[in-house]
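A short worksheet on the structure shown next.
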Amino acid sequence: MTVQKRTKAIRTLSVFTLAATSLWPMAQAASVLTVDLGSASAFAILAGSGITISAAPGTIIMGDIGSDPTDSITGLGNATHQGINHGGNAVTEAAKIDLMLAYADAAARTPDYPYADGFVLTGTVAGGVHRSAGSFSINGALTLDAGGDSDMVWIFQTVSTLEAAFASQVILTNGALASNVFWQVGSSATLLATADFVGTILALESITMVTDVSVTGGVYARNGAVTIGSAVIAVPEPSAPLMLGMAASGLFLVRRKRAGKSC
């Protein structure tokens, strides 16, 4: 083989090697299995020490709710609820067991993408297991791109907290599904005013939603309370497009009313 041909062959091999290396994280991410929520999947809100909904207008809950071992649910009359209030009954107890199993599963996954404490999630993020050494925050728009693969799964793991900033957004694109997005939170999660959030939150402690928050996913506080200022929460079921459309309409009307009052 001449020197010129050998050089060309080496360059070609290098290109293929680089391409294979760059595709490895995506191939690895595509193999991530979903988190099985079991009977908890029917719940929009599941708590350990109670659920509180403030008197602020506009809260819409699409899915079941329950809390165990503290079965206190206050302010439900301030919300429009499409689902079953199980309180602390046997259905809720079973769902809490499934929640514990799901939380342990999500927390045990090996990270594909490790980050430092306090990492700010933004831009476009591929599927896979994303782990912060401490906390995650979302500031601005976070896009989850499935690349046409509707089976793509995202698992975000935090050792401590999760915070979605004011007016932050989680956006699904190219076939990404809300039912394939999970947030395993080592302590508590906070969604600030007008945050548009996607995915199921599995928090060890509490979850707080301030005002005009939108969540497409379950809100599960394993040991703590769920506190809502005003929010639209819709469980991502097979009928999710319809439910999400109804939820979005409800949130739009609430924000429009408030904007009118401020004029």
Side-chain angles (χ1 to χ4, degrees), residues 32-53 61-74 76 79 81-111 129-132 135-136 153-164 170 177-191 197-209 213 215-228 231 233-238 240 243:
V32 173
L33 297 176
T34 190
V35 176
D36 184 4
L37 298 174
S39 61
S41 64
F43 282 73
I45 305 174
L46 188 57
S49 61
I51 300 168
T52 300
I53 304 167
I61 303 168
M62 297 182 178
D64 295 348
I65 63 173
S67 181
D68 180 75
T70 302
D71 61 3
S72 170
I73 299 177
T74 60
L76 187 57
H81 181 210
Q82 299 179 18
I84 300 172
N85 177 6
H86 290 287
N89 67 14
V91 175
T92 297
E93 291 174 5
K96 282 298 298 295
I97 292 171
D98 287 342
L99 169 57
M100 287 189 285
L101 294 173
Y103 181 93
D105 176 22
R109 300 296 184 94
T110 302
V129 181
H130 301 257
R131 180 177 178 83
S132 168
S135 64
F136 269 138
V153 173
W154 287 261
I155 300 174
F156 296 92
Q157 305 167 324
T158 75
V159 173
S160 57
T161 60
L162 168 68
E163 180 178 279
V170 178
L177 300 176
S179 56
N180 287 336
V181 182
F182 304 91
W183 302 83
Q184 178 265 315
V185 182
S187 58
S188 297
T190 303
L191 310 182
F197 192 83
V198 172
T200 294
I201 302 174
L202 309 167
L204 184 62
E205 297 177 13
S206 64
I207 300 173
T208 301
M209 287 164 279
V213 172
V215 180
T216 307
V219 178
Y220 306 151
R222 179 175 152 182
N223 298 325
V226 173
T227 304
I228 302 170
I233 306 166
V235 176
E237 293 286 352
M243 295 178 70

Begin with the C-alpha distance, continue with both residues' side-chain angles, and end with the deciding distance and a verdict on side-chain contact (heavy atoms from CB on, under 4.5 Å) for V35 and T200.
-> CA-CA 10 Å; V35 176; T200 294; over 6 Å; no
Taken to the nearest 0.5 Å, the spacing of L33 CG from N180 CG works out to 11.0 Å
So, do F197 and V219 sit near enough that their side-chain heavy atoms are less than 4.5 Å apart?
-> no
Exercise: identify the closest heavy-atom pair between L46 and T92 = CD1-CG2, 3.9 Å
Any donor and acceptor pair, going by atom type alone, linking the side chain of D98 with main-chain N or O of S39 inside 3.5 Å?
-> yes
For T110 and V129, run side-chain contact (heavy atoms from CB on, under 4.5 Å): C-alpha distance rounded to whole Å, both residues' side-chain angles, the deciding distance at 0.1 Å, then the answer.
-> CA-CA 7 Å; T110 302; V129 181; over 6 Å; no
Kindly write out the residues that satisfy ring pair (Phe, Tyr, Trp, His ring centres under 6.0 Å) with F136, not counting sequence neighbours, or none if the list is empty.
-> Y115
Identify the heavy atoms of P236 and A178 that sit nearest to each other, and give their distance.
-> CB-CB, 3.9 Å
d(L99 CG, I97 CD1) to nearest 0.5 Å is 10.5 Å
Apply side-chain contact (heavy atoms from CB on, under 4.5 Å) to the pair D64 and V91, showing each step before the final yes or no.
-> CA-CA 10 Å; D64 295 348; V91 175; 5.7 Å; no
Measure the spacing between CD1 of I73 and CD1 of I45 and express it to the nearest 0.5 Å.
-> 8.5 Å
With sequence neighbours excluded, what pairs up with H81 under the ring pair (Phe, Tyr, Trp, His ring centres under 6.0 Å) test?
-> none
Under the 3.5 angstrom rule, does the side chain of N223 hit a backbone N or O of G48 as a donor-acceptor pair?
-> no
Salt bridge (Lys or Arg N to Asp or Glu O under 4.0 Å) filter on R131, not counting sequence neighbours, yields none
Tell me, please, which residues at least two apart from F182 pass ring pair (Phe, Tyr, Trp, His ring centres under 6.0 Å).
-> none
Rounded to the nearest 0.5 Å, how far apart are CG of N89 and CG of D68?
-> 9.0 Å
side-chain contact (heavy atoms from CB on, under 4.5 Å) between L202 and R222: does it pass, once the steps are laid out?
-> CA-CA 7 Å; L202 309 167; R222 179 175 152 182; over 6 Å; no
With no hydrogens and no angle check, is any side-chain donor or acceptor of Y220 less than 3.5 Å from a backbone partner on A40?
-> yes
Separation between CD1 of I233 and CD1 of I61, rounded to the nearest 0.5 Å = 5.5 Å
If the plane angle is over 60° it's perpendicular, under 30° parallel, otherwise tilted; pick one for H86 and F43.
-> tilted
Any donor-acceptor pair under 3.5 Å linking the side chain of S206 with the backbone of A225?
-> no
Applying salt bridge (Lys or Arg N to Asp or Glu O under 4.0 Å), name anything that partners D105, two or more places apart in sequence or on another chain.
-> R109
Do any N or O atoms from the side chain of T216 and from the backbone of V198 form a donor-acceptor pair under 3.5 angstrom?
-> no
Residues at least two apart in sequence or cross-chain that pass side chain to side chain contact (heavy atoms under 4.5 Å, CB included) with A47, listed by chain then number, are I51, S67, V226
Which heavy atom in Q157 sits nearest to a heavy atom in A107, and how many Å separate them?
-> NE2-O, 3.6 Å
Residues V185 and S160: closest non-hydrogen pair is CG1-O, 3.3 Å
How many angstroms lie between CD1 in I207 and OG in S188, if you round to the nearest 0.5 Å?
-> 8.5 Å
